[in-house]
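Have a look at the structure below, then the notes.
This is a predicted model, so every value here is computed, not measured. Convention: sequence-line order gives letters A, B, ...; per-chain numbering from 1.
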Amino acid sequence: MEKRRIADILRNGQPDETVTVEGWVRTKRELKGFAFMEINDGSFLANLQVIINQDFPDYEALLKQLNIGAAVKVSGVLAASQGKGQRIELQPESMAIVGDSDPETYPLQKKRHSFEFLRSIGHLRSRTNTLGAVFRVRNACSNAIHHFFQDRGFLWIHTPLITTNDCEGAGELFSVTSLPLEKIPQTQTGKVDYEKDFFGKPAYLTVSGQLEAEAMALAFSNVYTFGPTFRAENSNTSRHLAEFWMVEPEMAFCDLQGNMDLAEAFLKFIFKYVLDTCPEDIEFFNKRIDKTVLKTAENIINNDFERITYTEAIALLQKSDRQFTYPVEWGLDLQSEHERYLAEELFQKPAIVTDYPVGIKAFYMRLNEDEKTVAAMDVLSPKIGEIIGGSQREERLDVLERRIQAAEMPLEELWWYRDLRRYGSVPHAGFGLGFERVVQFMTGMGNIRDVIPFPRTPLNAEF
RNA sequence: UCCUCAGUAGCUCAGUGGUAGAGCGGUCGGCUGUUAACCGAUUGGUCGUAAGUUCGAAUCUUACCUGGGGAGCCA
């Protein structure tokens, strides 16, 4: 008998087809002479309804075991549903409890649970409608990312998770060591003797694969990373994780314009891809989580992003009649409230802000002709804020070295990064995108901890 | 890390100085097409932890722990 996924049955199944399905009981409703059971195998938002008549073998005993959470295997014949709410349903001929579930202790009920509670049962929460939809969308989004870049000839590169650069960028780093913490070897001056450590010097979990991606871009022209990234910052917000996934394309022979064009095309593509592949899940989010999800997605797909310079953004903020908590002044960084005002209220769509003051951006961003600004870009989105941060990179050795020194960073440690400017240096650009923030944006989920299966945040590494 | 709100039954919450409550869930019974099924009964508690005030504390005070929202930092 043909084993089929529930998504396939609900989309394509026809009456009188014989099928076998495997999944978990989501709900059961008992009536006088028969019972309804719904099972879900994770392939689809909706459940497959199974009708069990009282003349089914061992009806009484079976029903006692068909509790929410139990794993079952059912074979039978599809039939057009007599009731409302589903097109097709399953009339079983044989049924087996693969793994039972005690209803007294199983924490999931057939009712709404708070996301806070679901986080405490991270190993089971993916069996709920919302988290199920989240992770299907997350998967589709991952797929979309690879499609987008692969179709354009970008090489997917795997940059190291362990780094000895403590100067990759901002953010606190997690240390990586094989030294015994209870008895750390010390030098004669009483400092940690890193020469005895695994790598012979301090090592950390990476906060970005960008520097290595630049090296690879200068060999393969267009590359991208897509992998985990770590930040030890004690951030307790709905949009920060200690371990998250980042997408970082890097393009040789590319300037800031090309970078912006790619970022915009990229966001449009992945939104359209997810809309096309997970329409039911997006519909669910639009109905139950955030009623603007669909509108926002269509807005992104169909409209050009607003593009303004930092200087123009400051002027717009100063011109607005809104009272901001933080000062608006050329040279100061944009605060969350400023970014949200621009994207959410003024433009009501994503906005790309470029050419920030040199003083507030990283050393590797290319110095503009005015020597006051750098070729940086931030894509600001409604609700989430900064969703993409990128720049054209400084390709001129002398300028780069000046910037490194101005940032009081050690030139020697960046010897290989400087080498890239010495041998065949070309204008190049790239950006970083927080993957979970995109999934948050697509689904309307308010807390980033609910768009990654097992979130790592301060004081939380359970599961 | 800072500000702010919260922590009471398995879940969601009410109770704001005087006997610990409801809905949902679970269990039992009823119901011929349900779909957050419905109807009836029943079960269920270290009121986050510790100390203090009081004749008496879920309720007031202090500290701590945990969580939510916001901010900073950032993607």
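- With respect to the salt-bridge test (charged N to carboxylate O, under 4.0 angstrom), the residues A:K64 and A:E60 do not qualify.
- At the heavy-atom level, A:G33 lies nowhere under 4.0 Å from the strands shown.
- For A:R449, taking side-chain heavy atoms from C-beta onward, the closest of the listed nucleotides B:C73, B:G68, B:C11 is B:G68.
- For A:E89, counting side-chain heavy atoms from C-beta on, the closest listed nucleotide (B:G33, B:C74, B:U12) is B:G33.
- Residue contacts shown for A:Q86 include a base, since a base heavy atom lies under 4.0 Å away.
- B:C60 and B:C28: their P atoms are spaced 41 Å apart (whole Å).
- For A:N12, the CG atom sits in a packed shell: over 12 heavy atoms of surrounding residues, nucleotides or ligands are nearer than 6.0 Å.
- Protein atom CZ of A:R112 is 11 Å distant from nucleotide atom P of B:C13, rounded to whole Å.
- Within 4.0 Å of A:F117, counting heavy atoms only, lie sugar-phosphate atoms of the nucleic acid but no base atom.
- The gap from the C1' atom of B:C31 to that of B:A41 amounts to 15 Å, rounded to the nearest Å.
- Between A:S238 and B:G70 there is a side-chain N or O to OP1 or OP2 distance below 4.0 Å.
- Distance A:E38 CD to B:G33 P: 16 Å, rounded to the nearest Å.
- Residue whose closest nucleotide on RNA chain B sits further toward the 5' end, between A:E436 and A:S81: A:S81.
- Residues A:E345 and A:R340 are not paired through a salt bridge, judged by the lack of any N-O separation under 4.0 Å between the basic side chain and the carboxylate.
- Distance from the side chain of A:F34 is smallest to B:G33 among B:G33, B:A71, B:G70.
- Atom CD1 in A:I448 sits roughly 11 Å away from atom C1' in B:C74 (whole-Å rounding).
- Dense packing is recorded around CZ of A:R322, with more than 12 heavy atoms of other residues, nucleotides or ligands lying under 6.0 Å away.
- The shortest distance between side-chain heavy atoms of A:M377 and A:S391 does not fall below 4.5 Å.
- With both ends at atom C1', the span from B:U16 to B:U59 equals 5 Å, rounded to whole Å.
- A:E436 has no carboxylate O lying under 4.0 Å from a charged side-chain N of A:R449, or vice versa, which leaves the two without a salt bridge.
- Atom name P, nucleotides B:G10 and B:G69: the rounded distance is 24 Å, in whole Å.
- We find that CG of A:D55 is positioned 16 Å from P of B:U32, with the value rounded to whole Å.
- Nearest nucleotide to the A:K32 side chain, out of B:U32, B:A71, B:G69: B:U32.
- Contacts of A:S120 with the nucleic acid, taken as non-hydrogen atoms under 4.0 Å apart, are absent.
- Other residues, nucleotides and ligands contribute more than 12 heavy atoms inside 6.0 Å of the CZ atom of A:R87.
- Under a cut-off of 6.0 angstrom, the local environment of NZ in A:K349 is crowded, with over 12 non-hydrogen atoms contributed by other residues, nucleotides or ligands.
- In summary, the side chains of A:E337 and A:Y326 do not present any donor paired with an acceptor at a separation below 3.5 Å, with no hydrogens or angles considered.
- Side-chain atoms of A:R26 come within 3.5 Å of backbone N or O of A:R127 as a donor-acceptor pair.
- Nucleotides B:G48 and B:A58 place their P atoms 10 Å apart, quoted to the nearest Å.
- Counting only distance, with no hydrogens or angles, the side chain of A:R125 and the backbone of A:F115 share no donor-acceptor pair below 3.5 Å.
- Taking atom C1' on both B:A6 and B:C64, the two are 16 Å apart, rounded to the nearest angstrom.
- A straight line from CZ of A:F324 to P of B:G72 spans 13 Å, rounded to a whole angstrom.
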Contact list (N/O, under 3.5 angstrom) for nucleotides 38-46 of chain B vs protein:
none

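- The gap from the C1' atom of B:U66 to that of B:G44 amounts to 24 Å, rounded to the nearest Å.
- In this structure, the nucleotide among B:G68, B:C74, B:U34 sitting nearest to the side chain of A:S336 is B:C74.
- A cation-pi arrangement, defined by a distance under 6.0 Å to the six-membered ring centre and an angle within 45 degrees of its axis, is absent between A:R288 and A:F285.
- For A:Q335, the side-chain atoms get nearest to B:G72 when compared with the rest of B:G33, B:G68, B:G72.
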Is there any protein nitrogen or oxygen under 3.5 Å from a nitrogen or oxygen in nucleotides 25-27 of chain B, and what are the pairs?
| residue | atom | partner | partner atom | Å |
| --- | --- | --- | --- | --- |
| B:G25 | O4' | A:Q109 | OE1 | 3.4 |
| B:G26 | O2' | A:E104 | OE1 | 3.0 |
| B:G26 | O2' | A:E104 | OE2 | 3.3 |

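- Protein atom OH of A:Y326 is 11 Å distant from nucleotide atom C1' of B:C73, rounded to whole Å.
- Going from atom CG of A:L48 over to atom P of B:U34 covers 18 Å, rounded to whole Å.
- Here A:R366 pairs with A:E395 in a salt bridge; the nearest charged N to carboxylate O distance falls below 4.0 Å.
- B:U16 shows a glycosidic angle within 90° of 0 and is accordingly assigned syn.
- A distance of about 24 Å separates the P atoms of B:C74 and B:U4, rounded to the whole Å.
- Within 4.0 Å of A:H113, counting heavy atoms only, lie sugar-phosphate atoms of the nucleic acid but no base atom.
- Taking CZ of A:F154 as the reference point, atom CD1 of A:I145 lies at 13.0 Å (rounded to 0.5 Å).
- Between A:H240 atom NE2 and B:G70 atom C1' the separation is 13 Å, expressed in whole Å.
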Polar atom pairs between nucleotides 1-4 of chain B and protein, under 3.5 Å, N or O only, would you list them?
| residue | atom | partner | partner atom | Å |
| --- | --- | --- | --- | --- |
| B:U1 | OP1 | A:N234 | ND2 | 2.5 |
| B:U1 | O4 | A:N234 | O | 3.3 |
| B:U1 | O4 | A:N236 | N | 3.3 |
| B:U1 | O4 | A:N236 | ND2 | 3.1 |

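- Judged by Watson-Crick or G-U wobble contacts below 3.5 Å, the nucleotide B:C2 has B:G70 as its partner.
- In this structure, A:E250 pairs ionically with A:R393, as a charged nitrogen and a carboxylate oxygen lie closer than 4.0 Å.
- Comparing A:L433 and A:Q82 along RNA chain B, the residue whose closest nucleotide (by nearest heavy atom) sits nearer the 5' end is A:Q82.
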